[in-house]
Amino acid sequence: MIHLNNVRKFYGALEVIKGIDVTVEDGEFAVFVGPSGCGKSTLLRMIAGLEGIDGGDLVLNGTRINDVPPDKRGISMVFQSYALYPHMTVAENIGFSLSLKKVAPAEIRRQVGEVADILQLGELLDRRPGALSGGQRQRVAIGRAIIKKPSLILFDEPLSNLDSALRVQMRAELQRLHRELSATVVYVTHDQVEAMTMADKIVVLNQGTVAQVGPPMELYHRPDNEFVATFIGSPKMNILPVAMTRDGADSIRLAGPLGMTFALADASLPEGAARMGVRPEHFKVVAADAAHFVAEVAIVERLGVETYLTVGSIEQPIVVRVEGDVTFRPGDRVPFAADTAACHIFSTDGRILRSANVA
Amino acid sequence: MSAAPPGESANRLRGDLMAYASLSLISIFCAIPFFWLLVGSLDGNAQLFLRWPETWTFANYLRVFAKEDGAKWLFNSLFVVGSATFLVMVLSGLGGYALSRTRAWWKLPFLYAILLIRVLPSTALIVPLYKFLLTLNNAEGALLRPIFGSTTRDIMRWTGFIDGYLGLILVLATMQLPLSLWIMKTFFDGLPRDYEEAALMDGATMLQRIRRVLIPLALPGLAASGLFAFMAAWGDFLLPLILLSSPELQTLPIGLFRAFLRINEIDYGLLTALAFIYLVPAVVAFGFARRFLVQTFSGGVKG
Ligand SMILES: Nc1ncnc2c1ncn2[C@@H]1O[C@H](COP(=O)(O)OP(=O)(O)OP(=O)(O)O)[C@@H](O)[C@H]1O
Ligand SMILES: [Mg+2]
């Protein structure tokens with residue numbers, strides 16, 4: 001179990017990690033996700049011991065390890081560049097940490113063999129990294145990490161150098177490995193798809209702070225703030241400015257762009273300006289008399305199983321997901337309705353006021 | 001693409017022929033001096049102008065080693081230049097690494113300042129340099145003489161700053177260090193820190209990181225910086241001429257020069273043989289380093 005307690009990092013006067021509290025349980029696959037520059041790598045390197053910690057506590061399995069040197073922490077790291085030594089064979093790369101500890105060559109060979117079996121690297125052991133494909137290098141880098149039997153494995157954007165097909169394959173492979181080794185993993189990425197598909201727990205970071213922690217579906221359906229709402233999910237959640245006026249004690253009326261207007265059953269929302277978040281799948285094409293608004297179709301993206309329509313103005317585009325194919329063409333005016341139960345309401349500064357009522 | 005029209009392909013052929021012809025001419029032009037040396041050195045009666053030998057012989061080479069002090073000159077050259085090169089490789093490896101990784105504000109000013117050393121012609125500095133070394137040398141002599149007495153001169157042959165190996169080695173290395181530092185700094189700039197950090201996380205000590213990770217990774221860069229240092233120092237003539245006076249310390253270029261200056265008659269056979277011997281180590285050094293050079297100048301390490 002790794003526990004970060006109010007962890008901070010400064011570069012000069014600039015605070016890049018602003019007090020982070022996160023706990024990753026044993027055997028958990030935790031993904032730290034956030035936009036570029038939010039401090040993911042820095043945080044990971046602080047856990048690894050490659051960067052100093054300027055404030056707070058880093059606790060691994062009950063011991064504070066702020067000042068323990070990297071190799072004594074029992075943590076392995078897979079680097080984004082893989083950092084495989086080009087002058088060593090695959091076997092030497094994997095066994096490097098053991099050879100540093102002066103383990104007997106026969107024992108190294110045995111353990112390297114074991115790791116190679118898990119990673120299906122058997123035939124490649126005598127090759128140099130230069131003669132491997134991207135996916136194979138990736139596996140060697142993982143092999144080098146797991147041979148140390150670490151209590152925690154760190155990954156820094158390990159898939160970003162791979163093409164998209166291989167990325168999908170490696171995602172599955174990493175999940176399989178995680179299950180087989182029952183390892184505790186902290187995985188850093190800026191790709192929310194990786195986070196959603198692999199994580200037991202997602203930690204969304206924004207400018208050095210934690211925006212929200214939770215399982216993928218929790219973050220998807222009940223984001224704590226507009227940042228998480230728009231960061232998780234692809235295509236992004238639509239955010240529309242709305243004006244709210246009380247209809248009655250239990251009902252509030254929302255007026256948005258494109259003449260959009262409908263009532264929500266709610267007793268607690270305040271009147272005034274707010275921001276409404278609706279995911280693309282929560283808009284529907286409806287009959288004209290049931291429409292919340294009518295909008296002109298600007299872009300039609302057909303993916304076969306689903307179609308994305310971008311409708312409305314350029315300043316305030318709305319993305320709508322439709323099952324299957326559609327006959328619409330750019331320029332058509334189409335009536336839409338929002339699934340009012342699935343609407344999120346945020347305050348103008350991005351805090352959640354009302355979560356969607358979906359499972 | 002459709003096939004080129006006939007006129008164009010004839011044009012291309014003519015262009016290729018011209019290119020090959022001119023390249024061949026240039027390479028013949030470049031190769032002739034070497035060929036001349038080789039032929040001359042094997043000629044029993046070599047003359048100033050190139051001619052086909054009447055008798056082929058190794059006598060010229062024998063003379064270099066038997067009658068002249070060729071072996072000693074060669075040793076001196078190899079020892080002095082080799083030591084300087086080794087020194088340059090060690091210092092530029094360590095220094096280049098430090099310069100690449102530091103974020104100190106003086107980094108760039110420092111790098112440009114040392115390049116200035118390289119740009120200044122050493123000939124212009126020869127008088128102050130000589131003065132400086134002489135002062136050091138005298139101080140060293142004054143220090144050693146009371147202790148070692150009459151063997152002092154033998155020690156100073158190795159450790160002296162004037163008329164001793166050490167002085168020449170240090171000066172040669174100093175002249176070559178700036179360029180090598182630049183090469184190594186640039187090389188390490190292209191070497192991701194991840195390698196060292198991975199080794200650090202694997203529990204490698206500082207020495208293990210240097211020996212098992214950094215040196216192997218830096219070999220291409222070291223080969224380049226070493227080769228440039230070796231070539232420049234090997235070709236240097238002025239410094240050994242000024243700094244060495246004892247006959248037993250002479251280097252190859254000085255031996256060659258002195259042989260050329262002899263009053264009675266110029267022995268072209270001996271000169272060409274000497275010159276050829278002088279060429280060989282440079283070519284060998286190039287051969288060793290070539291493999292690495294390609295890597296260094298075509299974009300770092302592939303991992
Ligand atoms: N050595 C440094 N000195 C000063 N600032 C730094 C240093 N390293 C990182 N930073 C800053 O810290 C912030 C976080 O950097 P970090 O590398 O952790 O981002 P990241 O989330 O990993 O981004 P990416 O997705 O692009 O890798 C950035 O704003 C970056 O500019
Ligand atoms: Mg990063």
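Letters A, B, ... are given to chains in the order of the sequence lines, protein chains preceding strands, and every chain is numbered from 1.
Around atom CZ of B:Phe35, no more than 12 heavy atoms belonging to other residues, nucleotides or ligands sit under 6.0 Å away. Within a 6.0 Å sphere centred on CD of A:Gln80, other residues, nucleotides and ligands contribute more than 12 heavy atoms. Residue A:Glu123 qualifies as open at atom CD: its count of foreign heavy atoms under 6.0 Å is 12 or below. Around the CZ atom of B:Arg211, the shell of radius 6.0 Å holds no more than 12 heavy atoms that belong to other residues, nucleotides or ligands. By the neighbour-count criterion of 12 heavy atoms within 6.0 Å, atom CZ of B:Phe34 is sparsely surrounded, having that number or fewer from other residues, nucleotides or ligands. When the shell of 6.0 Å around CZ of B:Phe65 is examined, it contains more than 12 heavy atoms from other residues, nucleotides or ligands.
The closest donor-acceptor contact from the side chain of A:His87 to the backbone of B:Arg212 lies under 3.5 Å. Listed for the A:Lys148 side chain is a donor-acceptor partner under 3.5 Å among the backbone atoms of B:Met201. At distances below 3.5 Å, at least one donor-acceptor pair connects side-chain atoms of A:Tyr85 with backbone N or O atoms of B:Ala199.
A distance of 12.0 Å separates CE in A:Met77 from CG in B:Asp202, rounded to the nearest 0.5 Å.
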Exercise. Stepwise, does the side chain to side chain contact (heavy atoms under 4.5 Å, CB included) test hold for B:Val213 with A:Phe96?
Worked result: CA-CA 10 Å; B:Val213 177; A:Phe96 185 63; 3.8 Å; yes
Exercise. Given the rule in the side chain to side chain contact (heavy atoms under 4.5 Å, CB included) test, do B:Glu197 and A:Leu50 qualify, once you have shown the distances and angles that lead to the verdict?
Worked result: CA-CA 7 Å; B:Glu197 291 180 342; A:Leu50 296 171; 3.8 Å; yes
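Under the 4.5 Å side-chain criterion, counting only non-hydrogen atoms from C-beta, B:Tyr195 is in contact with A:Pro86.
For A:Arg45, the part sitting under 4.5 Å from any heavy atom of chain B is the side chain, from C-beta outward, and nothing else.
Of all the listed residues (B:Gln208, B:Glu196, B:Arg193), the one sharing the greatest number of non-hydrogen pairs under 4.5 Å with chain A is B:Gln208.
Heavy atoms only, all atoms of each residue included: B:Gly203 and A:Asp71 are closest at CA-CB, 3.2 Å.
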